[in-house]
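Throughout, protein chains are lettered first and strands after them, A, B, ... in sequence-line order, and every chain is numbered starting at 1.
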Amino acid sequence: MNIPMTKRDIFYKDVHLFKAQSVVDDLVDDLAATLDVSRGDLNIRASPKGLFCGSGLSIHMKRGSIVHGADSEGTLIPAGVDISHVEVSETVSWVLIVEKEAVFQTLCRANLASHSSCPGPGLVITGKGYPDLATRELVGHLSVTLPTSIPLLALVDADAFGLDILSVYKFGSQSLAHERNRTTAPRIIWLGLWASELSSLSIDRDDLIPLTEHDHKKALLMLKRDNTMMPTQWKKEISYMLHTRRKAEIEIISSTPSKIALHPDAPHHPAVQIYFAGDPPKYPLVEYLIPKLKLFCAHGQKMKRVDEISKSHHN
Amino acid sequence: MSLQFLHSHDSAESHSDAIWSSQWTSRDTVVSISADGAIIQWDANSGQQINALPPHTLGLVSLSVSEAGDRAVYNTIEGLTQLWDLTNGSVLGSHESFARDPAATHQTEPVWAVSLHPNGRTYASTGGDGDISIRSAAPADFGTRARQLSPGKSKFGMSLAHSPDGSKIAMSSETGQLYLFDIESAQLLNTYTSHAMCVRSLAWSPDGQLLISASDDKRIIMHDVRNPGKGGGAVASLTGHSSWVLSASVSPDAKLVASGSADKTIKVWDLSARSAVSTIQEANEIWTVSWRPKPSTTGPGTFVSGGEDGIVRWWRGAGM
């Protein structure tokens, strides 16, 4: 029979034998690794969890239907094995991956994907925390098929778990090491939230959340990771967070509607300042994101230009 | 009353990341530790580097220098504690507090803060579980735990300070409590609850009568430790900083307290008047201040500061 099943379906086939869902999960992964195939090839997929937003993305399904993205609401990301091909409009100029669903919904409502102040239309994706395979496959696919002048950016909490989630998108997860090529996006850039930029965002330090023992242990574990999976900037940010013993969640930006400025020494890029006279902005999070999107898009365009020039010199 | 503290000079080089702690030694050198993993000793008069260790891969969070100024104990963010000979720059001992100790009956959390005993033979350490371990500071068995003092509460231990006579040890927690122990008897002498937010720095007055705490609640509080068993114990609070107070240091003549804050200022306070007599506006958060241990004969004294920009700065009180 060629009907796809979820791992939950398998579990319910013989609850007494398997006893726990995790047993099924591990067996499926082991089987896939041993046979050197993907879970999808075994006709097993998880129930869709990830969401995307942006009319510039259409997903063509193998069974013939098309899943169209919308600019102001999320659409479920179907399992990669059911997808025939992905169509991205030429006007899409950035892709933003956000850690949390609540942030994703805010950005949908704010129409970020088609916002007039953005450098162009874009796509917003969330895995709702640790991303499932389908989300990672989509992000991995976009990473490879979109020109590198279109930045892939991640917005995660300024804490160890946020960075771990970013790490899964960028470097892959431990359990799916054999599928790393298809499910990672090595060129994804950490756009924020950085612990070190908090003071320049006029965020009151007392609004920062104290680290839990869980956060502390997770942070220490991550610091021990190999350099190939723990960039220097990340190490610095985790250390800063451990030292101050505070972390910040993305939502903290939404609570500071007054002027937002980027620190001139922020890594990667020069200073950009935005001041708001009059009414506070409706979506402070959007006002935080727009200058960063502009900077990374401009950087992408510059690199594209450099590439073009160097190619024409060689001809 | 107001005093002027003038910028005297800077360290010849800067750390490549924030300075998280520093201490002015009795040999007239200054030791600084940084988020960049480096520990550097500077000549106090010229600001030139005397010696340094190759940077660790992780930042250094705690530093304690011996009274003689000849040795320093420091700790990394993951709990590697080392003993550094300041006179010749060699590492005399090393202890991986994050490693499982086969000899221990129960494992402790990795070390966060350290404090050398004035006699240099032992050092105290604390970490996530809030217990104080008294460990050997001798090169031969550096880090070996001799005894444990436990407040009985599992609070993250942020800072430790031995009293000047070495008879007591004070510990501050992430949630603001201060615990004062008599080392010999292991008795918990007092618990101070004047802060409800993180206390990152502790300092003693030279006569050992006042314990000073610097907190995220923006205050510096002076505690009278002469009367053990008396609850509260706070005699005065110094208010004026507009953000977390990150560090406090008492002048050798016991008249002044210097403080560094996340509000990017350094303040100097008169202990008897209980008010700020000087405010220095800096451009970055100031993580550490430390007075020259030798009292000045010509003025209010000198101290160093260090912060986010990674530069050690010397400040001299204008002579009277």
Side-chain angles (χ1 to χ4, degrees), chain A residues 158-160 163 194-248 252 256 258 261-267 271, chain B residues 16-21 33-37 56-62 76-80 97-98 109-110 112-113 127-130 154-159 173-176 196-200 215-218 241-246 261-264 283-285 287 307-310:
Chain A
D159 66 13
L163 271 183
W194 304 322
S196 55
E197 71 179 329
L198 293 172
S199 68
S200 61
L201 292 171
S202 309
I203 286 170
D204 194 345
R205 280 164 192 277
D206 294 331
D207 289 339
L208 301 175
I209 303 162
L211 289 187
T212 62
E213 198 183 320
H214 199 37
D215 291 323
H216 186 92
K217 291 197 154 97
K218 178 77 181 172
L220 281 180
L221 272 175
M222 289 185 69
L223 284 178
K224 292 192 208 286
R225 282 185 194 172
D226 194 72
N227 275 346
T228 55
M229 298 199 29
M230 177 52 53
T232 310
Q233 191 212 354
W234 297 17
K235 230 197 239 181
K236 276 175 104 165
E237 294 291 331
I238 293 176
S239 297
Y240 184 92
M241 187 197 69
L242 270 173
H243 187 242
T244 54
R245 311 214 49 70
R246 302 284 187 121
K247 60 182 179 181
I252 208 173
T256 49
S258 52
L262 287 176
H263 194 279
D265 293 335
Chain B
S16 53
D17 203 337
I19 293 174
W20 280 344
S21 190
I33 56 168
S34 167
D36 68 7
H56 292 265
T57 49
L58 295 174
L60 309 188
V61 294
S62 185
T76 74
I77 213 167
E78 64 169 340
L80 170 68
S97 68
F98 47 83
E109 296 280 320
W112 185 260
D129 51 23
S154 172
K155 305 269 183 202
F156 196 99
M158 292 297 298
S159 176
S173 81
E174 193 181 21
T175 42
M197 289 174 73
C198 191
V199 171
R200 298 179 189 269
S215 169
D216 283 6
D217 68 11
K218 309 173 186 148
H241 277 301
S242 56
S243 184
W244 304 349
V245 189
L246 305 173
S261 168
D263 69 8
K264 304 181 187 174
N284 298 281
E285 291 84 351
W287 283 101
E308 281 295 321
D309 67 6

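- Proximity to chain A is absent for every atom of B/Ser154, based on heavy atoms less than 4.5 angstrom apart.
- Between A/Arg205 and B/Glu285 there is a side-chain heavy-atom pair separated by less than 4.5 Å.
- In this structure, chain A has no heavy atom under 4.5 Å from any part of B/Asp217.
- Taking non-hydrogen atoms and a 4.5 Å limit, the residue list of residues 220-228 of chain A in contact with chain B, ordered by number, reads A/Leu220, A/Leu223, A/Lys224.
- Nearest heavy-atom pair across B/Trp112 and A/Leu242 is CH2-O, 3.5 Å.
- With rounding to the nearest 0.5 angstrom, the CH2 atom of B/Trp20 is 8.5 Å from the OG1 atom of A/Thr244.
- No part of B/Ala18 comes within reach of chain A, as not one of its non-hydrogen atoms sits under 4.5 angstrom from that chain.
- When all heavy atoms are compared, the tightest approach of A/His243 to B/Ile77 is N-CD1, 4.5 Å.
- For the residue pair B/Thr57 and A/Lys235, the shortest heavy atom distance occurs at O-NZ, 3.8 Å.
- When the candidates B/Glu78, B/Glu174, B/Lys218 are compared by the number of heavy-atom contacts under 4.5 Å with chain A, B/Glu174 comes out ahead.
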